[in-house]
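A short write-up of the structure that comes next.
Owing to the predicted nature of the structure, the values given are computational and were not obtained by experimental measurement.
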Amino acid sequence: MLSSVVIFITSFICLSVSNDLPSYLPRCYLDDPQRDKCVLRAFNKVRPNVGNGIEEIGLPPLNPFVIPQVTILQDTPNANFTVKALNYTIAGLDNYDMKEFQYNPETRALRFRMEYETIPMSAAIEISGHIAGVPLNGKGFGRAVL
C-alpha cells in the first residue's frame with residue numbers, strides 16, 4: 001500500500017503539466033515555494049476519485065484495496081510457522097484526511113500524516129508450523145478494524 005501512496009504523491013509533484021492527466025488532478029511543482037501546501041490541498045481535493053483508482057497515474061482502487069496473498073514466515077528453533085492471508089481486503093482507504101505533508105527534494109524524503117476514522121480489514125487465514133513445540137495447523141477467516 002505504501003507504494004500506492006508514493007505513486008499518488010509523486011503524481012502531484014511533477015516538473016511540467018501533462019495533458020495525459022485527468023483535469024481534476026491538481027498540479028504541484030517542485031520549484032513552488034508553497035509546494036507542500038499544494039500537495040496537501042491536492043490530496044484532499046482528489047479524495048472522491050481515489051476509491052475507484054486513478055489509472056492515469058497507476059493508482060489502484062483503494063476501496064476496497066485487495067492484496068491477493070500476504071505470507072508471513074517465521075523460522076527459528078522455538079517458532080517455525082507460516083501464516084498466509086488470502087484476499088487480504090482493506091476498506092476505507094479512500095476515507096482519509098491528509099493533515100501534514102513535507103517533501104525534501106534533496107533527499108527525496110516524504111513525511112506525511114493521514115488520519116482515518118476506521119479501516120476494516122479481512123482475509124482468509126491459513127497457518128501451519130509450531131511455536132515452542134506446540135503444533136499449529138488451521139484455516140479460518142479473520143476480521144479486524146483499526
- Taking all heavy atoms of V46 and all of Y24, pick out the closest pair and write down the distance. CG1-O, 3.7 Å

- Search all heavy atoms of L30 against all heavy atoms of P105 and return the closest pair with its distance. CD2-CB, 4.4 Å

- Rounding to 0.5 Å, atoms CE (M98) and CZ (R41) come to a distance of 13.0 Å

- Query: Hey, what do you get for CG (L62) to CG (N49), rounding to the nearest 0.5 Å?
  - Reply: 11.5 Å

- Going by the salt bridge (charged side-chain N to carboxylate O under 4.0 Å, His left out) test, which pairs reach into residues 109-133, not counting sequence neighbours? E100-R113, R113-E115

- Mind telling me whether F101 and F112 have parallel, tilted or perpendicular rings, with 30° and 60° as the class edges? parallel

- Task: Please collect all side-chain hydrogen bond (donor to acceptor under 3.5 Å, both in side chains) contacts where either partner lies in residues 71-86, sequence neighbours excluded, each pair once.
- Result: Q69-T71, D75-N80

- Note on the structure: Those residues at least two apart in sequence (or on a different chain) that pass salt bridge (Lys or Arg N to Asp or Glu O under 4.0 Å) with D32 are none

- Query: Can you list the residues that meet the salt bridge (Lys or Arg N to Asp or Glu O under 4.0 Å) rule with K45, with sequence neighbours excluded?
  - Reply: none

- Query: Sequence neighbours excluded, which residues qualify as side chain to side chain donor-acceptor pair (under 3.5 Å) partners of D97?
  - Reply: K99

- So L93 and Y116, side-chain contact (heavy atoms from CB on, under 4.5 Å) or not? Walk me through it. CA-CA 8 Å; L93 290 178; Y116 297 87; 4.2 Å; yes

- What residues join I72 in its hydrophobic cluster, counting side-chain heavy atom gaps under 4.5 Å, either direct or through other members? F81, V83, I125, I127, I131, L136

